[in-house]
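Proteins come first, then strands; the chains are lettered A, B, ... in the order of their sequence lines, and each starts at number 1.
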2 protein chains.
Amino acid sequence: MARAGLTTERLARAGAELADEAGFDQVTVSALARRFDVKVASLYSHLRNSHDLKTRIALLALEELADRAADALAGRAGKDALTALANVYRDYAREHPGRYAAAQLRLDPETAVASAGVRHAQMTRAILRGYDLTEPDQTHAVRLLGSVFHGYVTLEMGGGFSHSAPDTQETWSRTMDALDALLRNWPAS
Amino acid sequence: MARAGLTTERLARAGAELADEAGFDQVTVSALARRFDVKVASLYSHLRNSHDLKTRIALLALEELADRAADALAGRAGKDALTALANVYRDYAREHPGRYAAAQLRLDPETAVASAGVRHAQMTRAILRGYDLTEPDQTHAVRLLGSVFHGYVTLEMGGGFSHSAPDTQETWSRTMDALDALLRNWPAS
DNA sequence: TTATTTGCCTAAAGGTATTAGGCAAATGTA
DNA sequence: TACATTTGCCTAATACCTTTAGGCAAATAA
């Protein structure tokens with residue numbers, strides 16, 4: 001029989017597409033096999049197991065996201081950079097909900113340090129160069145920004161804001177104003 | 001044969017315990033049946049299906065969380081109230097990781113409006129009475145606070161902060177300072 | 001005490017994950 | 001070109017988990 005040309009790479013990529021179309025929790029070895037019109041067992045030559053597949057999708061998403069962030073930050077500083085980075089996360093989550101969910105997967109420590117997650121932290125810290133924070137405060141601020149970006153995007157995508165009145169775009173924009181004001185006026189310990 | 005005394009209520013409660021012990025993703029109808037030493041099919045007289053079980057655990061967690069929040073807010077105002085509410089979420093997530101994960105489950109609209117999620121929004125808004133914000137800004141602030149609380153807790157629990165140096169307790173405390181400063185000094189549109 | 005409801009059981013079908021072992025296609029070697 | 005080896009996908013089998021249908025006995029109502 002002719003071969004399907006499976007590759008770990010192609011499987012991860014197809015898994016990411018599947019995640020965006022059907023949801024990350026619908027990403028299954030079986031579904032992926034169907035997509036390639038191949039028997040399930042065949043995938044196990046390329047993937048260790050189901051978790052391995054999910055991890056690869058997560059790493060792929062983290063890379064894409066970091067690449068977009070790097071692009072967006074180029075040539076920007078201060079509030080401009082802050083907004084650009086925040087928009088990268090929000091837009092990515094909207095365009096690729098499944099991939100974004102995958103990026104939230106908890107990675108084991110070794111995998112995590114080798115992932116693009118490190119770049120994300122660095123880029124967030126880079127934004128703070130436009131503001132005047134002491135070294136330890138920079139770390140606190142990085143964590144706070146990460147919390148807001150992730151928290152906001154998650155809640156908005158999950159419909160957490162959908163009931164109340166003012167549209168979320170307005171809130172998003174005011175959130176950017178608020179974060180900028182906060183960073184310019186960071187309270188001393 | 002003697003009856004086990006199953007109840008939708010008891011199942012949800014046991015499911016919550018199971019979630020905390022093994023993780024919310026390990027909550028399964030089969031595992032729950034084992035816990036009651038009963039056959040799997042027996043649970044289907046009390047639960048519509050697996051998703052129903054998860055939803056009930058989510059609702060239970062949202063209630064517990066709202067009760068704790070109400071307790072914590074009683075008699076407090078301003079930054080004191082802000083910190084108390086934030087701590088409720090963080091502490092609950094640490095004590096009951098499975099329940100907290102359950103509370104993040106996306107509920108369908110009808111279920112959501114009937115849930116304690118509404119109380120959460122109200123309590124967050126109550127905190128803002130200690131600050132001087134216009135009506136639309138209150139909504140923006142509620143959303144921002146929700147984002148920070150949820151985002152921070154999720155990232156911290158997920159190990160997202162574990163690599164870097166300053167301990168997370170310090171960041172948490174500085175985050176409270178920052179939010180208080182922000183609310184006292186909310187930027188005008 | 002009898003009738004009815006209700007709770008848990010057996011049986012069965014279908015889906016996902018994973019491993020073991022086989023055959024044929026692709027690739028390397030003489 | 002012929003042969004040997006690797007590699008890729010397949011069949012087969014096991015083990016869960018989910019869900020529905022139908023049965024019998026315990027609890028409850030009449």
Distance in angstrom units between B:Asp25 CG and D:dC16 C1', rounded | 15 Å
Which pairs with one or both residues in residues 87-100 of chain A pass salt bridge (charged side-chain N to carboxylate O under 4.0 Å, His left out), sequence neighbours excluded?
-> A:Asp20-A:Arg99, A:Glu64-A:Arg99, A:Arg68-A:Glu95, A:Arg90-A:Glu156, A:Arg94-A:Glu156
Can you tell which of D:dC17, C:dA17, C:dG7 lies closest to the side chain of A:Ser30?
-> C:dA17
Within this structure, what is the CG-to-P distance between B:Leu6 and D:dA26, rounded to whole angstrom?
-> 16 Å
When all nucleic acid strands are considered with a 4.0 Å heavy-atom cut-off, which category describes B:Ala4: base, sugar-phosphate, or nothing?
-> sugar-phosphate
Is B:Arg125 salt-bridged to B:Glu135, going by a charged N under 4.0 Å from an acidic O?
-> yes
Under a 4.0 Å heavy-atom cut-off, which of residues 35-57 of chain A touch DNA chain D?
-> A:Val38, A:Lys39, A:Ala41, A:Ser42, A:Ser45, A:His46
For A:Gln26 and D:dT18, give me the distance from atom CD to atom C1', rounded to whole Å.
-> 14 Å
Is it true that the side chains of B:Thr124 and B:His120 contain a donor and an acceptor less than 3.5 Å apart?
-> no
D:dT18 phosphate, OP1 or OP2, under 4.0 Å from B:Thr28 side-chain N/O | yes
Can a salt bridge be assigned to the pair B:Lys79 and B:Asp177 using a cut-off of 4.0 Å between side-chain N and carboxylate O?
-> yes
d(CZ, B:Arg34; C1', D:dT18) in whole Å = 13 Å
Between B:Trp172 and B:Asn87, does any side-chain donor sit less than 3.5 Å from a side-chain acceptor?
-> yes
Between B:Arg3 and C:dT5, is there a side-chain N or O to OP1/OP2 distance below 4.0 Å?
-> no
Are the charged groups of B:Arg56 and B:Glu9 less than 4.0 angstrom apart, N to O?
-> no
